[in-house]
K.L.:
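This is the structure I want to talk about, given as structure tokens.
Note that ligands are numbered from 1 as they come in the structure, with each ligand's atoms numbered from 1 the same way. Computed from a prediction, not measured in an experiment: that's the story for all the values here. Basis for what follows: all heavy atoms, side chains included, without hydrogens, waters or symmetry-related copies.
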Amino acid sequence: MISIDTAIQLLKNSVKPLLLKTTKTIEKAGGYFLYEDLYSPINMPPFRQSAMDGYALCLHDDLTYNLIDEVKAGDAHQPILKKGEAVRIFTGAAVPNTADAVMMQEKVKVVDNKIVIEHRINKEHNIRPLGEQVKTGDLALKKGTKLTPAAIGYLSSLGIKNVSVFKKPSIAIIATGNELIEAVQDLPFGKIYESNSKMLLAALYSLKFYDVNIHKVADDYEKTVTKLNTVINDHDLVLITGGISVGDYDFVGKALKKLQVKEIFYKVNQKPGKPLFFGKKEDTSIFALPGNPAAALTCFYVYVFIALQNMMNRDAAELPRIKAKSISDFNKKGDRPQFLKAVYNDGKVEILEGQSSAMQHTFAVSNALVFASEEVTKINMNDTVETILLPV
Ligand SMILES: Nc1nc2c(c(=O)[nH]1)N[C@H]1C(S)=C(S)[C@@H](COP(=O)(O)OP(=O)(O)OC[C@H]3O[C@@H](n4cnc5c(N)ncnc54)[C@H](O)[C@@H]3O)O[C@H]1N2
Ligand code: MOO
């Protein structure tokens, strides 16, 4: 059995960036990373733009100006101003070439067709210069930039409709187990509703990985081999749940061996998630997550998250870990390092009751995992604890 740190290091060393290109429409490009440098096709702003509702002035020494015209946002109209003349103007409108500055209307008195400004202003005051944000042909965003909502807005403002981005991995989830049925049926004795695939799908979607297929397979060696073989060949990342422990009907390990999946590690000294397996077949990364739901999800956040980030060529791969003050007492059972379901708020963290790896309710109300290392036997109220913030 290896340590958590060794497992994470092995994982980081074995999952390589996909570095494949795909094209997305700007509406669907959120969460992707730019595949190449992107240059601006236009100046932004594309014309000298008023930053205020007010008056564009052709400056002179006096505070009084003759009002000669009006320019609204969207107008192509460019009145010609002489010294001492002003035009009414609005935020976002094109400032006439012959205007030097814009005075906001709160600082202007209008008297008939004249205006009096409160004080003198400098040239270009309240005018956004042509190409202030970016100029035609200049670098708009560089390769690798994450397309956040702000980046999508920025690129859209430049008229960019399609972008080349790094392809995200195609992912398969395989739920194994004879006991699993769909919720469309009444629950026969001995069966349970299958939930891990939906849980992992939700976790992937929340991280903006949408290319996901779900498969189910019974506890049967031949069927497991056949299913894993096709799924591994067709995907970049495979997440299997269940069937990886030592029971007579746990066939995942045997099937992976038969398919010559290279074991990178199996069994990690941790709770939950001890029987975690990670392996590779050519470029495909394969996790066999323990079937217990809380173990599967903990392993997703601690390990699969890193693999996903590596595939997307991100370096700062792990979830944020912070120090927080415990507001609960907790007696740790056993000597395995433990990830404890917890609620974090404003520097304080509450470790919840019900830490068994089958306890889904506890996880359902958690937003953090407290890490208790091997040496810790008890966490007391007010102790400082290492807390992993979950992306929920
Ligand atoms: N003799 C031993 N038994 C077990 C050990 C051990 O070291 N020696 N380890 C235990 C630990 S720790 C874990 S974790 C589990 C992992 O077992 P598997 O990965 O083989 O998972 P299963 O046995 O198939 O399932 C475990 C549990 O989870 C439920 N499950 C499975 N899949 C789903 C699903 N898709 N949706 C909802 N629930 C699911 C399943 O019904 C079981 O209750 O092994 C221990 N045993
Ligand atoms: O590793 Mo298991 O997840 O403790 O139940």
K.L.:
Which residue and non-hydrogen atom of the protein lie closest to atom 31 (C) of ligand 1, and at what distance in Å?
P.N.:
G291 O, 3.5 Å
K.L.:
May I ask you to list the atoms of ligand 1 that are less than 4.0 angstrom from any heavy atom of E194?
P.N.:
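Ligand 1 atoms under the 4.0 Å threshold to E194: 34 (C), 35 (N), 36 (N).
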K.L.:
For ligand 1, which atoms sit closer than 4.0 Å to a heavy atom of V246?
P.N.:
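Numbered from 1, ligand 1 contributes 1 (N), 2 (C), 8 (N).
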K.L.:
Side chain to side chain contact (heavy atoms under 4.5 Å, CB included) between H60 and Y65: does it pass, once the steps are laid out?
P.N.:
CA-CA 9 Å; H60 67 164; Y65 287 80; 3.4 Å; yes
K.L.:
Return the closest protein heavy atom for atom 18 (P) of ligand 1 as residue, atom name and distance.
P.N.:
G243 N, 3.5 Å
K.L.:
For ligand 1, indicate whether the residue N196 contacts it via side chain, backbone, both or neither (heavy-atom separation under 4.0 Å).
P.N.:
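Both of them.
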K.L.:
Of the side chain and backbone of Q355, name the one, both, or neither that has a heavy atom under 4.0 Å from an atom of ligand 2.
P.N.:
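Near ligand 2, Q355 shows nothing, with every heavy atom at 4.0 Å or more.
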K.L.:
Polar-atom distance check: D250 versus ligand 1, any N or O pair below 3.5 Å?
P.N.:
yes
K.L.:
Is the charged tip of K72 near the ring of F90: under 6.0 Å from the six-membered ring centre and within 45° of its axis?
P.N.:
no
K.L.:
Hey, is G247 one of the residues with a heavy atom under 4.0 angstrom from ligand 1?
P.N.:
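Judged by the 4.0 Å heavy-atom criterion, G247 does not count as contacting ligand 1.
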K.L.:
Once you restrict to heavy atoms under 4.0 Å, what part of S356 touches ligand 2? Side chain, backbone, both or neither.
P.N.:
neither
K.L.:
Is there a nitrogen or oxygen of L180 sitting under 3.5 Å from a nitrogen or oxygen of ligand 1?
P.N.:
no
K.L.:
Under 4.0 Å, heavy-atom basis, I'd like to know which part of P290 is in contact with ligand 2: side chain, backbone, both or neither.
P.N.:
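Neither; no heavy atom under 4.0 Å.
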K.L.:
Please give me the minimum heavy-atom distance between H235 and T284, naming the atom from each residue.
P.N.:
O-OG1, 2.9 Å
K.L.:
Pick one of side chain, backbone, both or neither for how V252 approaches ligand 1, counting any non-hydrogen atom pair under 4.0 Å.
P.N.:
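No part of V252 is near ligand 1 at this cut-off.
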K.L.:
Does even one non-hydrogen atom of S195 get within less than 4.0 Å of ligand 1?
P.N.:
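In this structure, S195 qualifies as a contact of ligand 1 - some heavy atom is under 4.0 Å.
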K.L.:
Can you tell if the side chain of F287 reaches within under 4.5 Å of the side chain of L237, non-hydrogen atoms only?
P.N.:
yes
K.L.:
Can N269 and S3 be counted as having a side-chain donor-acceptor contact under 3.5 angstrom?
P.N.:
no
K.L.:
Which atoms of ligand 1 are found less than 4.0 Å from any heavy atom of P290?
P.N.:
14 (S), 19 (O)
K.L.:
Any N/O of P275 closer than 3.5 Å to an N/O of ligand 1?
P.N.:
no
K.L.:
Could you list which atoms of ligand 1 come closer than 4.0 Å to a heavy atom of T241?
P.N.:
35 (N)
